[in-house]
Amino acid sequence: MNGRAVEDPDLWIDFNRDRVLVDGKPLEVKEKIYVLLYKPAGYITTYKDPEGRPTVYDLIPEIETFVSPVGRLDLDTSGLLILTNDTQLAERLTNPDHKVAKTYLVKCADLLGVEALERLRRGVELSDGPTRPAEVKRVRDSGKYTHFEIRISEGRNRQVRRMVEAVGSKVLKLVRTGIGPIEIGGLPIGTWRSLTAVETERLAR
């Protein structure tokens, strides 16, 4: 860097001031890419799957620059997934210390009473510790199923499913509808769009 060899991986680089060569070639700043994808159920979020299952990368063949999912959605969960090559933004959105909220629509296998929803609001005990308080709103009851919205500020593995199991039910359908201020809106399932500059700025705050 700037004519001298650098071996410290933690050294900060100012691309507006520093000149960096790798193998004698200038290191260039790649364009930041921000993708909002409506992931369908049945797709995994890894790049390749040894079992041959479809991945989210099958849905974004037009994106030539490699982007990574910000957090994960399990195989049976659909909804909003952000993919980007901006590692700083990804860290902000996934680090629980920043308390970036994720919003989900949940269909349960049973009718949940007032007390069950209140327990979800207060936080429930899971195998890896108690959950933080959550925002929970009943959307509707249809037949023998309760549909509700939940907004959490953690990102534990299968957290919403485990929370529902902790109050004596099971999740039949789970859709992530929002991350922070960004919502899935009317985006068709299985399609994607680029985040706008305004949306990216709101996420970065």
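The aromatic rings of Phe66 and Tyr57 sit parallel, their planes meeting at an angle under 30°, below the 60° perpendicular limit.
Among all heavy-atom pairs drawn from Leu73 and Thr45, the shortest one is O-CG2, 3.6 Å.
Residue Glu64 places its CD atom among 12 or fewer non-hydrogen atoms of other residues, nucleotides or ligands, all under 6.0 Å distant.
For Arg156 (side chain) and Leu126 (main-chain N/O), no donor-acceptor pair under 3.5 Å exists by modelled atom type. At least one donor-acceptor pair under 3.5 Å links the side chain of Thr94 to the backbone N or O of Ala90. Listed for the Lys107 side chain is no donor-acceptor partner under 3.5 Å among the backbone atoms of Phe148.
Put simply, the residue from Arg162, Glu125, Arg122, Gln159 that forms a side-chain contact (heavy atoms from CB on, under 4.5 Å) with Thr131 is Gln159.
The pair Glu118-Arg121 counts as a salt bridge, with a side-chain nitrogen and a carboxylate oxygen less than 4.0 angstrom apart.
Between the side chains of Ser169 and Asp110, at least one donor N or O lies within less than 3.5 Å of an accepting N or O. Side chains of Thr65 and Asn85: no donor on one and acceptor on the other come within 3.5 Å. Side chains of Ser78 and Arg176: no donor on one and acceptor on the other come within 3.5 Å.
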#### Entry: Evaluation steps, salt bridge (Lys or Arg N to Asp or Glu O under 4.0 Å), between Glu165 and Arg161
CA-CA 6 Å; Glu165 290 171 3; Arg161 294 180 186 276; over 6 Å; no
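Looking at residues two or more places apart in sequence or on another chain, you find a side-chain contact (heavy atoms from CB on, under 4.5 Å) between Pro54 and Tyr43, Asp58.
Atom CG of Leu36 and atom CZ of Arg193 lie 5.0 Å apart (nearest 0.5 Å).
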